[in-house]
Asker: 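Please see the structure below; I have some questions.
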2 protein chains.
Amino acid sequence: MEQFKSGKLQRALVQEAVRPAAGTAGAEGGELLGRSSGKALILRRRDFLYRMGERLDAIYMVRSGVLKSCLIGIDGSERILGFHGPGDVLGLEALSGSVVRCDLIVLDTTSVIRIPLNVVRGRCRDSETAEECLLGQMNRQQIRLEALLQQERLNAPARVAFFLLTQARLHRDAGCSDRVFHLPMTRRELARYLNLANETVSRVFTRLRRQGVIHLEGRMVTLVKPEYLGEMTGPVADGLVPGSSSQTLH
Amino acid sequence: MEQFKSGKLQRALVQEAVRPAAGTAGAEGGELLGRSSGKALILRRRDFLYRMGERLDAIYMVRSGVLKSCLIGIDGSERILGFHGPGDVLGLEALSGSVVRCDLIVLDTTSVIRIPLNVVRGRCRDSETAEECLLGQMNRQQIRLEALLQQERLNAPARVAFFLLTQARLHRDAGCSDRVFHLPMTRRELARYLNLANETVSRVFTRLRRQGVIHLEGRMVTLVKPEYLGEMTGPVADGLVPGSSSQTLH
DNA sequence: CGGACAATTGACGTCTCTCAAAATCAGTGG
DNA sequence: CCACTGATTTTGAGAGACGTCAATTGTCCG
């Protein structure tokens, strides 16, 4: 299993594999984009898509790659609100004319489509479904925040387990393996997302590894016993556990 | 100060006092409502405005009173996402055709205006500002959730202090005293909102009382030294502290 | 190879939850 | 008007989980 060192090559392969999701999740966004709209942007790690306090005149749709959206407190403490991948629509705050409240930072080389506000507005006026798609996206964002809030009631191991299962689900939906995948964020970022100390995240990972529940090589994870992860989170993780009552992609 | 026992009469008076907020915050909602729209509903404590899983065909605007919106986990644990008062718009999920994800329960006799979906849609088509108002409301909801997420980084005393300052601000905006006001929720509900044990909330309150920072008579609070509350929360509570660099309503 | 950054591991303290028991409050019916 | 009952709130003792600090190891780039 030594070939799973998280080197550049490996990461590139995984990115490639995840890309098809743009087609899947993009089905919803399709109405928004029409066929030939907006120009594509390529961003690299540490680039900003936009910054807190800016007033956007466009929204963005992720085609490939990963970004994080994070709030920075006045005291410098950061809180990560979410990780965004193919199919996600970003910058919806622009629609209500308000400033964006968080930085959007690229984790891994990313391609986004920029759709100017007036184009979006026009498309919504033309098509009923485009508008609903947009509202659906806003709704989706809110659901994510609410899920984060519910996570806070779980203890550290449960949070990590739930996160892993959620990632697995994402990869499954993208048509990739839901047992072996790459985490695009550092431990620190993951900790900031789960609202834990990075040491705590690290400890949970090593305990899971010792128990033989997962396998870890840098940022490459293998879920050995996903059902144990499900037990850790309690009944919250319903349809998330890979291999339970459904065929598993090898 | 014995007259501040939180009896029925006192509560009624406070409600009356808060009501003007409907006029203030309603300025935004005004566009949504037009002049003669939607019928008013009167709800009493423990009533449901709507329940998790329902599919609404209307949105609601609060005229007076207080409600809580709470998620119930599969394990029965509840998490309160927010308290809603005059000027708040509820049930926006309906716009995207999705089911509501939380129960909305009345804390104190409440009057809401029901605005059917087709009316809302029509009004948005007619008026640009109505649409922006609606998007602004959705945005506002998201801001609240994000604020809740940031609260999780604070310790228990800071959370309570921040909550008190926020309440003070609300009452100030409503034209009431921001030093003496009534908390419409039980300790347990407050704890569920702050994601703390109710015992912890209780302990923080008594400590604050012993330190002479606040005065408590049941659910009636008096902020004796608001500036101390500001110090406890750190730089997060910026323009919130009553009496600091602005005239105080007695 | 060296410096910076990321991740791991250990020891320790403390904040907050849990459990349990009083005390206070609110609504009910005599 | 008052006693009774259940809910809410307060208070205490104890334990456990998580954060902080610090040292070590590993990884990425120039």
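Labels below follow one simple rule: chain letters A, B, ... track the order of the sequence lines, proteins then strands, and each chain is numbered from 1. Everything numeric in this text was worked out from a predicted model, so none of it was measured.
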Asker: Of the candidate nucleotides dC18(D), dT16(C), dT11(D), which contains the atom at the shortest distance from the side chain of Ser202(B)?
Answerer: dT11(D)

Asker: For Arg45(A) and dA6(C), what is the distance between atoms CZ and C1' respectively, to the nearest whole Å?
Answerer: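 In whole Å, dA6(C) C1' and Arg45(A) CZ are 11 Å from each other.
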
Asker: What is the distance from atom CG of Leu196(B) to atom CZ of Arg159(B), rounded to the nearest 0.5 Å?
Answerer: 4.5 Å

Asker: Between dA6(C) atom P and Leu183(A) atom CG, what is the distance in whole Å?
Answerer: 16 Å

Asker: Glu217(A) CD to dT8(C) C1': how many Å, rounded?
Answerer: 15 Å

Asker: Asn198(B) has an atom CG; how far is it from atom C1' of dT18(C), in whole Å?
Answerer: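 For the pair Asn198(B) CG and dT18(C) C1', the rounded distance is 11 Å.
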
Asker: Of the candidate nucleotides dA6(C), dG19(D), dC17(C), which contains the atom at the shortest distance from the side chain of Thr186(A)?
Answerer: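 It is dA6(C).
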
Asker: Got Ile105(A) and Cys70(A) here, is their nearest side-chain heavy-atom distance under 4.5 Å?
Answerer: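 Contact flag for Ile105(A)/Cys70(A) side chains = yes.
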
Asker: Testing Asn155(B), Leu208(B), Leu165(B) one by one against Met232(B) for a side-chain contact (heavy atoms from CB on, under 4.5 Å), which residue passes?
Answerer: Leu208(B)

Asker: Would you classify Arg203(B) as touching base, sugar-phosphate or nothing, given that sugar-phosphate means primed atoms plus P, OP1 and OP2, and contacts are heavy atoms under 4.0 Å?
Answerer: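 Base contact - Arg203(B) has a heavy atom under 4.0 Å of at least one base atom.
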
Asker: Quick one: is Thr200(A) getting a side-chain N or O under 4.0 Å of the dG19(D) phosphate, OP1 or OP2?
Answerer: yes

Asker: Atom CG of Leu190(A) and atom P of dA6(C): how far apart are they, to the nearest Å?
Answerer: 14 Å

Asker: Are the side chain of Arg79(A) and the backbone N or O of Leu149(B) linked by a donor-acceptor pair below 3.5 Å?
Answerer: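 Yes; at least one donor-acceptor contact below 3.5 Å.
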
Asker: CD of Glu189(B) versus P of dA7(D): gap in Å, rounded?
Answerer: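 Answer to the nearest Å: 15 Å.
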
Asker: Expressed in angstrom and rounded to an integer, what is the separation of Arg192(B) atom CZ from dT8(D) atom P?
Answerer: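 In whole Å, dT8(D) P lies 12 Å from Arg192(B) CZ.
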
Asker: Please compare Glu199(B) and Arg46(B) by the position of their nearest nucleotide in DNA chain D and report the one closer to 5'.
Answerer: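 Checking each residue's closest nucleotide, the 5'-ward one belongs to Arg46(B).
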
Asker: If I take atom CZ in residue Arg188(A) and atom C1' in nucleotide dT8(C), what distance separates them, rounded to the nearest angstrom?
Answerer: 16 Å

Asker: Check this for me: does the side-chain of Arg210(A) come within 3.5 Å of the base of dT8(C) through a donor and an acceptor?
Answerer: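 Under the 3.5 Å cut-off, the side chain and the base do not form any donor-acceptor pair.
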
Asker: Taking Arg140(B) first and then Asp88(B), would you say they form a salt bridge - that is, a charged N and a carboxylate O separated by under 4.0 Å?
Answerer: yes

Asker: At under 4.0 Å, does any side-chain N or O of Arg219(B) touch on OP1 or OP2 of dT9(D)?
Answerer: yes

